[in-house]
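What follows is a set of notes on a single structure, which appears directly below.
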Amino acid sequence: METLSHRLVGKLRASPLACKIFWPKKLHDQHIVCYYDSRAASYNTATFPKNISSTNCTHYVYDGIGVTAQGDIRILSNYDTAFGFDEFQNIRRNSDVQLYVLLSSDRDGGKNLTNAISGRGEKLVNSIAIFLEQYNFDGVEIDRRTNDFDKNALARFVNRLRSRLYMINKQLAVSVLAQFADAYDITSLSLYADMINLHAYNFTTSTSNTVANLAPLFSSTPNNTVSVNSTVSSWLVAGARRNKMNLVVATYGRSYVLASEDQRTVGARNTGPGEAGSNTKRPGLLARDEFCNISSDYSSVSDSGTATTYYFKGKSWIAIETEDTLVQKFTYVLDTALAGVGIYSLEFDDTSNTCGNGAYRFSELAYQYFTSG
């Protein structure tokens, strides 16, 4: 069993209320990177950039824009240019807030970005620079949350892009999957990127036929062989710079349909993703407020060894962060001296205080934990 090497182990096991009592002293340079997916503007109960203006993040990332295989920027929605980009700029309350745009592979079919980086890198570099100046973003985040690309081509591209962005005073971040450390040239990313946003959740694939915790902090066998700690450790051993790495946590829950009501522990067989949420309408995913609307009907099981909690009712099974497991990850970030945290994403958080602990609770806890003294 993995353990923390030093302080606050007792605090890790504390309740959310207890954690609130022992906030660390103010850390002015800690990152709180918050994502916003513009698809949320089309939900039945929509979330717009103006709705997230009350949050207290240091960096905001607008998801997203796409790219053609030829290296041109592709706008993914008319909403973005008509309203979204302009409304997003209004979040800029002071000079300390940084606004990024995510150059996404998830929303753009995946291969276009890979092909552009490999074959049209110089064109893409120029397209990004022009876009950032045109729409007044402070930086770009390259979404490489896959393992199906040439890591050497990505390293060369990041190097060229960093040089170009220096010329116009813009910043560069890269999104990566924590469990695929071998897929990246970590030395190059640490050298040229301003931030490496380590998405440390969903360690099993969406096609897996067993249920899994969303993001176990520590590993256990045989059910949880990969964890936040094991993946972060792999990146650090490979040479990643702590002061550039942000641990990204997921605000949403992952849901499954169990094969049997009698087999519901982690690793039990499932027959597919759970029912889509009423607002987000994505099978296997529940926004935090969607979960809170049904949570009273569910039983829960917490595991202190992995710092996880899951919920079940009949054949429905849901893995989601609690305030307690979230604070344990924040403590881990401090203990390992990482740059900060990422919140993925704001529209999946409790946007209207359905859960009763305040709207946008994840970003609020991050703000309290990393900046309140």
Quick one about T351 and R288 (side-chain donor to acceptor, distance below 3.5 Å, no hydrogens or angles considered), yes or no? no
Between Y360 and N51: side-chain donor-acceptor atoms closer than 3.5 Å: no
Okay, side chain of D350, backbone of C355: is any donor-acceptor separation there less than 3.5 Å? yes
We want to know whether D148 and T146 form a side-chain donor-acceptor pair, criterion being a heavy-atom distance below 3.5 angstrom. yes
Flag for Y252-N202: side-chain donor and acceptor within less than 3.5 Å: yes
What I want to check is whether the side chains of T265 and Y310 have a donor and an acceptor closer together than 3.5 Å. no
Can a side-chain donor-acceptor contact be found between Y79 and E87 if the only test is distance below 3.5 angstrom? yes
Is the centre of the F370 ring less than 6.0 Å from the centre of the F330 ring? yes
Going by side chain to side chain donor-acceptor pair (under 3.5 Å), N197 matches just one of Y100, Y344, Y35. Which one? Y35
Please output the side-chain donor-acceptor pairs of residues 291-302 that fall under 3.5 Å, not counting sequence neighbours, one pair per line with the distance.
| unit_1 | atom_1 | unit_2 | atom_2 | d |
| --- | --- | --- | --- | --- |
| N293 | ND2 | D289 | O | 3.3 |
| S295 | OG | C292 | O | 3.4 |
| Y298 | OH | S316 | OG | 2.6 |
| S302 | OG | T309 | OG1 | 2.8 |

Near-ring test F180/Y184, centroid separation under 6.0 angstrom: no
No-hydrogen, no-angle side-chain donor-acceptor test under 3.5 Å, D80 and S38: yes
With side-chain contact (heavy atoms from CB on, under 4.5 Å) as the test, would you mind laying out the steps for V97 and D138 before giving the verdict? CA-CA 9 Å; V97 172; D138 298 303; over 6 Å; no
Locate the shortest heavy-atom distance separating C57 from S363; write the atom from each residue and the value. SG-CB, 4.1 Å
